[in-house]
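Note that this is a predicted model, so its numbers are computed, not measured.
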Amino acid sequence: MDFTMLIAAFGGGVLATFMGGITAFVFTGLTVLAAIMGGDFGAPAIGIISFGSWFGPHVAFAGAVAGAAFAMTRNHIENGQDIVTPLVKFGDPMVLIVGGIFGMVGFLIQYIVGPLVGPMIFSGILGEGAAGWTDTVAFTVMLSGIIVRLVFGKTGLTGKTPAGEKREWISTGSRLGFVLTYGAGIGILIGGVAATLGTLGLVDGVAEAAYLFSMTPVIGFSIAAISLILIMCGVYFEGWHHIVLPAGSTAVIVFSATLNPFAAIIGAAITGMFTAFVGEWAAKTLNSHCDTHIDPPAVTIFITQTINFVILGGLILV
């Protein structure tokens, strides 16, 4: 474990709480896209800045979620699900400290579930890549959110439905059709991009294209994260990073194994629809009638990337 980065994670949680969770996440997208496009020069920034102790969602976003929940207990905000408001607004040092503490908690959890637990359980399937058995950052964001709810929340893990109100767990009707449609569309898009870059890189031997092909899921993720700036602008918008990242991963895994562009696109479309559906389910199950935020995209990414890496990449397309 890098203890320097563990210490820095406290500052990452403080800053993200200061900025607000969505703002910090937008900067995750901005910095990772810049780092990827920087090639070899930007590569160190991906693990240290974008997904490390500065803007890594398991540190920054998760810390800001904890800060918002604690701010609710101090009557600064009405509901701890408010991850948009920059908490600098309230001038409360304890709110920032709680965010910093959970930044360090997130750093520790990610280390435990990745480099420590991963090789112990999945080395037989994934070999040297066992630490990456899932998206451990997303898994950590989910676990941290659960801890925050149990510590600061009063509505329980799945919320308290008001008396006389019917609880909806999954989308139905036109909403379900809409969700599946945009999931498929996003999957087709990222699948097509991955297949094109894969053809240039793996088949035609263009090194730069091969690099971008390997980074396609993260490029999609970064663009989706940046697009959340619309929420900060007060425009109605929905996140889609939980769709484009796993769908891109499916496309990369399938194309690497088959060199078939159509298989990659079809696989990404299926994953896109699946993640869109799971994201809706997670939002309705974990964030309806609740007073803190458990991130539905993180839940979705964790579930789907486990399927991608362990089942699809580890057991099927080996």
Side-chain angles (χ1 to χ4, degrees), residues 13 16-17 19-26 57-87 89-90 92 94-96 98-99 101-103 105-106 109 135 137-172 175-176 179 225 228 230-232 234 236-243 275-304:
T17 304
M19 299 170 69
I22 292 293
T23 304
F25 189 65
V26 167
H58 60 302
V59 171
F61 181 80
V65 166
F70 183 70
M72 174 189 66
T73 68
R74 311 268 281 192
N75 297 317
H76 295 316
I77 56 178
E78 291 186 6
N79 193 299
Q81 289 187 318
D82 181 357
I83 55 173
V84 176
T85 300
L87 299 181
K89 175 180 180 179
F90 306 108
D92 188 339
M94 285 306 301
V95 170
L96 301 184
V98 168
I101 291 171
F102 272 84
V105 168
I109 293 175
D135 188 314
V137 167
F139 188 32
T140 300
V141 170
M142 181 188 77
L143 292 178
S144 180
I146 292 172
I147 294 170
V148 166
R149 179 162 298 172
L150 295 177
V151 172
F152 299 116
K154 297 180 179 179
T155 55
L157 191 60
T158 58
K160 292 183 178 180
T161 306
E165 183 172 329
K166 184 179 179 181
R167 180 70 179 264
E168 185 178 70
W169 300 96
I170 59 174
S171 295
T172 57
R175 174 63 186 178
L176 178 59
V179 167
L228 295 183
L230 293 173
I231 295 176
M232 297 157 53
Y236 179 80
F237 195 67
E238 297 184 16
W240 52 286
H241 51 288
H242 61 294
I243 300 172
T275 51
F277 178 82
V278 173
E280 285 280 298
W281 164 81
K284 293 179 181 298
T285 300
L286 297 173
N287 273 359
S288 294
H289 312 296
C290 298
D291 58 358
T292 69
H293 182 80
I294 296 177
D295 196 52
V299 175
T300 305
I301 291 170
F302 158 61
I303 292 171
T304 315

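Remark: aromatic rings of His76 and Phe70 are distant, center separation not under 6.0 Å.
Residues Arg149 and His293 form no side-chain contact, since every pair of their non-hydrogen atoms from C-beta on lies 4.5 Å or further apart. Glu78 has its side chain out of reach of Met72: every pair of non-hydrogen atoms, C-beta onward, lies at least 4.5 Å apart. At a threshold of 4.5 Å between non-hydrogen side-chain atoms, the residues Val148 and Phe102 count as touching. Counting heavy atoms from C-beta on, the side chains of Thr85 and Asp82 come closer than 4.5 Å. With a 4.5 Å cut-off on side-chain heavy atoms, Glu280 and Ser171 count as touching. Residues Glu238 and Ile231 have side chains not in contact (no heavy-atom distance under 4.5 Å, counting atoms from C-beta outward). The closest side-chain heavy-atom distance from Val65 to Ser144 is not below 4.5 Å. For the pair Thr300/Trp281, no side-chain contact is recorded, criterion being any heavy-atom separation below 4.5 Å from C-beta on.
Residue Ala138 comes nearest to Ile301 through the heavy atom pair CB-CG2, 3.6 Å, listed as atom of the first residue, atom of the second, then distance. Nearest heavy-atom pair, Ala225 versus Phe25, reported as atom, atom and distance to 0.1 Å: CB-CE2, 3.5 Å. Considering every non-hydrogen atom in both Leu87 and Ala68, the closest pair reads CD1-N, 3.5 Å. Residues Ala16 and Ala64 approach most closely at O-CB, 3.7 Å, considering heavy atoms. In terms of heavy-atom proximity, Leu157 sits nearest to Leu286 at O-CD2, 3.9 Å. The shortest heavy-atom contact between Thr292 and Gly153 is CG2-CA, 3.9 Å.
Considering CG of Leu176 and CD1 of Ile170, their distance stands at 7.5 Å, rounded to 0.5 Å. Expressed to the nearest 0.5 Å, how far CD1 of Ile83 lies from OG1 of Thr17 amounts to 12.0 Å. Rounding to the nearest 0.5 Å places OG1 of Thr155 at 3.5 Å from CG of Asp291. With rounding to the nearest 0.5 Å, the separation of CG in Asp295 from CE in Met142 is 11.0 Å. The structure places CD of Gln81 at 9.0 Å from CD1 of Ile294, a figure rounded to the nearest 0.5 Å. Taking CZ of Phe90 as the start and CG of Asn75 as the end, the distance is 10.5 Å to the nearest 0.5 Å.
Few gaps surround CD on Glu165; more than 12 heavy atoms of other groups in view lie less than 6.0 Å from it.
By the ring-ring contact (aromatic ring centres under 6.0 Å, His included) test, Phe139 is found to be paired with Trp133, Phe302, residues two or more places apart in sequence or in another chain being considered.
Judged by distance alone, with hydrogens and angles left aside, the side-chain atoms of Asn79 form a donor-acceptor pair with the main-chain N or O of Cys290 at under 3.5 Å.
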Legend entry - Leu228/His241 under side-chain contact (heavy atoms from CB on, under 4.5 Å): CA gap, chis, key distance, verdict: CA-CA 9 Å; Leu228 295 183; His241 51 288; 4.1 Å; yes
